[in-house]
Structures are given as structure tokens and as C-alpha cells.
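Scroll down for the structure; my scribbles are underneath it.
Atoms within each ligand, like the ligands themselves, are counted from 1 in listed order.
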Amino acid sequence: MAHDAVMPQRIAVFGATGSIGASALAVIRRHPKRFTVVAVSAHRRWAPLLEICQTFRPRWAVVVDPDAANALRRHLAAKNLPTEVLAGADALVTVAQASDVDTVIAGVVGGAGLPSTYAAVAAGKRVLLANKEALVMTGALLTETARRSGAVLLPIDSEHNALFQCLGSLVVTTESGGWQLKDAQQMIRRLVLTASGGPFRTRDPGTFASITPEEACAHPTWSMGQKISVDSATMMNKGLEVIEAMWLFGLPLERIEVLIHPQSIVHALVEYCDGSVLAHLSEPDMRVPIAHALAWPRRITSGASWLALAVRETLTFAAPDFDRFPCLRLAFEAARTGDCAPTVLNAANEVAVAAFLERRLAFDRIPAVIAETLAEIPVTAVTSVEAALAIDQAAREKARRWVSRWSIG
Ligand code: NAD
Ligand code: MG
């Protein structure tokens, strides 16, 4: 795009105080001529957002919680900082659509990110997608909306970014600066997402009921937010990612596989019809996929360590164990059912994970809450964001009942 060389890309970092937000801001900071931060957001932690505003001097800071927004406003004024504070979830949607924003980094966690992620896609922005839950909830709608609006949807989830890179010459750039896949159905046999297997890959499943939030959040290879860390421990994260891959690359479930790879060095593989397999390797550091997506189709430095394969003793691979990780099976089943099943799966998972983190639900009840919720909500089509949010709410209510039935608090 012409403005690329002349004007910096104007970026809104949603979820700026989170793990993805920190990685994104670290890459952006290395390239001040290329990128400028016009907006940042947080749920309610205003103190780290204040620091971010001091460093990046964005035009807007969105804080969902109104009291926290007021606190940030006072502190910005005391420091004579020019950032305007907008309060409430709707402000994220407004900023996502603003003409001063070229690129949205969708780094909000969970279904709460759907309205702003969708708004950015509908407004035809360049959208760097970390918020996989939005795509799981509304896959058909979001990808169809992107096609119509001309939005450029670039994955920063590491496995999907790795797949995107391994797709090589099948990724064709469009006139509007976007991309599409050419001949994927004929030329690709399988997309393979790797998974570390999380902290409980070898733990005795008979002890899963006593797993603590601290144990579940201690991921062996990645440092991430709490929700995705628990999702990695149940392997729901990989299940959500399988659904994410279906929609991003337009391939059926049968062409997508999960491979356990505890070292998290190979992030994904594409197997072609001629037997060639292309893999993407890097240190497990989210700055790598974020730098790739920020600069695509060019490349920029990320600040990540260089991959030192010689000092890595072994890279190992194994098939996933669906009995040990029922959440993975539930996600495949929901993907197969289609329509709103993934929306329900996601909502029930969010409720169960939150309850687990609050020590109200045992770890091994997480899949049970999801399975019961899926059985209770009828399968209907997801025709709009409003419909998705209504299904999400209904599923959350059902899931909360199962949580209180099995409450340990
Ligand atoms: P996090 O918990 O570290 O940060 C979440 C961010 O979202 C914070 O800035 C928080 O203030 C904001 N937020 C939370 N609830 C909100 C709400 N209701 N409304 C508005 N904002 C809210 O999470 P994270 O690990 O950075 O993950 C963010 C997203 O990226 C998730 O969808 C996750 O699956 C995805 N992702 C993360 C990683 C990773 O390495 N952390 C990797 C791949 C994908
Ligand atoms: Mg991932």
C-alpha cells in the first residue's frame, strides 16, 4: 500500500495490558518510523495503561470499566498527557471503525472481543487476529464479512501464522492489499497444528481433580494470559485453534490435524499433495508471528532470540490423547456439528475456566460443563453478531447452572 512507505501504519492495540498487547507493543516500539499507536485498551487495569500512554502517547485509551476510566483520566491530566480516555465496551467498537485507524490488533481475551473484532473486520481494516474466540463464535459470518469489506485478516496466533507462512505461493495477494488462497483444496493434503500438550501431558489423569489454578497456569513453553493458559492445560486451546484454522484457510475439518510437540519449536506444518511437508520453526515467542503480521508481506525484526537448533537436544512428536484431554474431542465434535455449536462450546468453556480459576470448579469438571451445555442448547445458525451474542448468553446461563451444581467453593 502506498501509505506504507510514506506514513506510519496507525495501529489500535486492543488488550494492550495483556500478554499479546505487551508483545505487540514491544515489536511496534522497535520500528517507530513504520508504526504509530493511535489507540490502546484495557478492561480495568488503568495503571499499566497509564505507563503505556506515557510511552506511546496514543490519541485514545479505551477502558471498559467506567471507574477505572475516570482514574486513568485523572492521572493522565496530572501528567499533562494528551490521550483522550473513552469508557465502556462500545468505545472499542467506535475506535475499531475510526478512519484514523489502519490496523487493529485484536488482543482482547474471550467472547468480549467479538464486537470490536467484528467492527474492525466490517470496517475493512487490517486486523491482526489473536482473539480466536471471536472467529470460533462467528466463523462463517466473520470471514464472509471480511471478504465483502476487503478487511485483511492476518493470524497472529502462532500456529496459524506459521501455517500462513508455510502456505507460501498458495497465498496470493489481492489488489486491495489482502490475500486469498489459490488451489488449496487440490494441493494441500493436511494442515497440522502442533501443541505442546501443556503442563499435564504426562500427569496421572487420576489426579486431575486436584489440579490448582497455579499448576494449570504454569505452561511449560509459553508465557500467556490465564485463560489461554488453562485452555492449553485442557487442550481446549488446540480445539479452538482447529476451528480457527478451518475458517482462516477455508479447509474442512478432515484436513486439519493436531500433533503433540512438547518443545514448541515447530509451530505448524503444511503437507502438500506431492508428499512435501513444510514446517515453520522459531523460538516460542509471540513477537515472531506479530512482527510477521505487522509487516506482511515484508519482514521486520521482532527482537526474539535466534533459534539455536544445535543446543536443542531433540524435537519430539506424538499423536494427541483424546481420552486424557476430552476438551479436544468436544471441540472436534462441535466443529463437525457446525452452526452455533462452536459458539456454545466457547461460551461454556469461558464460564468453566473462570470458575476453575476462582477455585469454584474442579479441573476435571471443565469438559463436563461444556458437554452438558452443548447438549442443552439447540443447534441454530449464527446469522449476525447479535445472534451470536444471544446464543453466547444462553449458553453461559446453562453453563453457570452446571458450575453451581458441581461447585466446590
Ligand atoms: P491476557 O489475559 O494477558 O490479556 C487480555 C487483555 O484483554 C487485557 O488487556 C485485558 O485488559 C483485556 N480484557 C479482558 N477482559 C476484557 C473485556 N471484558 N473487555 C475488554 N477487554 C478485556 O490475554 P492474552 O494471553 O494476551 O490473550 C489475548 C487473546 O490472544 C486471547 O484470545 C488468546 O487466546 C489469544 N492468544 C494469546 C496468545 C499468548 O501468547 N498470550 C497466543 C495466541 C493467542
Ligand atoms: Mg496458538
message = Does Arg30 have more than 12 heavy atoms from other residues, nucleotides or ligands lying within 6.0 Å of its CZ?
response = yes
query = What N/O/S atom of Glu241 gets nearest to the Mg ion (ligand 2)?
reply = OE2
request  = Would you mind telling me if ligand 1 is within reach of the side chain of Ile20, the backbone, both or neither, using heavy atoms under 4.0 Å?
outcome  = both
ask   = Do you see a donor-acceptor pair shorter than 3.5 Å between the side chains of Ser196 and His219?
value = yes
query = With atoms numbered from 1 as shown, which atoms in ligand 1 lie under 4.0 angstrom from a non-hydrogen atom of Asn131?
reply = 32 (O)
task = Say whether Gly21 and ligand 1 are in contact under the criterion: heavy-atom distance to a ligand atom below 4.0 Å.
result = no
ask   = Any idea which N/O/S atom from Asp157 gets closest to the Mg ion (ligand 2)?
value = OD1
message = For ligand 1, which is the ligand I care about here, please tell me if His43 has any N or O atom under 3.5 Å from one of the ligand's N or O atoms.
response = yes
message = So if I count the atoms of ligand 1 from 1 in the order they appear, which ones are less than 4.0 Å from some heavy atom of Gly18?
response = 1 (P), 3 (O), 4 (O), 8 (C), 9 (O), 26 (O)
Audit row: Val270, Ile188, side chain to side chain contact (heavy atoms under 4.5 Å, CB included) steps and yes/no = CA-CA 7 Å; Val270 176; Ile188 295 170; 4.2 Å; yes
remark   = Under 4.0 Å between heavy atoms, the region of Val64 that gets near ligand 1 turns out to be side chain
message = So, regarding Gly15 and ligand 1 (criterion: nitrogen or oxygen to nitrogen or oxygen, under 3.5 Å), is there a contact or not?
response = yes
message = Please give the atom name: the N, O or S atom of Glu159 nearest to the Mg ion (ligand 2).
response = OE1
remark   = When distances are taken from atom 29 (C) of ligand 1, the protein heavy atom at minimum range is Val108 O, 3.7 Å
inquiry  = For atom 8 (C) of ligand 1, what's the nearest protein heavy-atom neighbour? Residue, atom name and distance, please.
reply    = Thr17 OG1, 3.5 Å
request  = Would you check whether Ser158 has a nitrogen or oxygen atom less than 3.5 angstrom from a nitrogen or oxygen atom of ligand 1?
outcome  = no
query = Does one side chain, of His160 or Glu241, offer a donor that lies under 3.5 Å from an acceptor on the other?
reply = no
note = The closest protein heavy-atom partner of atom 35 (C) of ligand 1 is Ala130 O, 3.1 Å
task = Can you figure out which of Ser23, Gly88, Gly107, Ala106 has its heavy atom closest to atom 6 (C) of ligand 1?
result = Gly107
query = Does Asp90 CG have over 12 foreign heavy atoms under 6.0 Å away?
reply = no
request  = State whether a side-chain donor-acceptor pair under 3.5 Å links Thr207 with Arg203.
outcome  = yes
task = Taking atom types as modelled, find out whether Glu283 and Ser305 have a side-chain donor-acceptor pair closer than 3.5 angstrom.
result = no
task = Check whether the ring centres of Phe325 and Phe200 lie less than 6.0 Å apart, and answer yes or no.
result = no
ask   = Taking both backbone and side-chain atoms of Arg44, is any N or O found less than 3.5 Å from an N or O belonging to ligand 1?
value = no
query = Where does Met286 meet ligand 1, judged by heavy-atom distances below 4.0 Å: at the side chain, the backbone, both, or neither?
reply = side chain
query = Does some non-hydrogen atom of Glu133 fall short of 4.0 Å from ligand 1?
reply = yes
key: Heavy-atom check, side chain of Ile28 versus side chain of Ile11, under 4.5 Å   = yes
key: Donor on one side chain, acceptor on other, Thr316 and His261, under 3.5 Å   = no
task = Any atoms of ligand 1 less than 4.0 Å from a non-hydrogen atom of Ala112? List them with their elements.
result = 17 (C), 18 (N), 19 (N)
message = Can you confirm whether more than 12 heavy atoms, excluding those of Gln226, are under 6.0 Å from its CD atom?
response = no
query = Will you find, in the side chains of Glu376 and Trp402, an N or O donor that is under 3.5 Å from an N or O acceptor?
reply = yes
inquiry  = Under 4.0 Å, heavy-atom basis, I'd like to know which part of Ser19 is in contact with ligand 1: side chain, backbone, both or neither.
reply    = both
remark   = A student checking ligand 1 against Ala42 at a 4.0 Å heavy-atom cut-off should list atoms 11 (O)
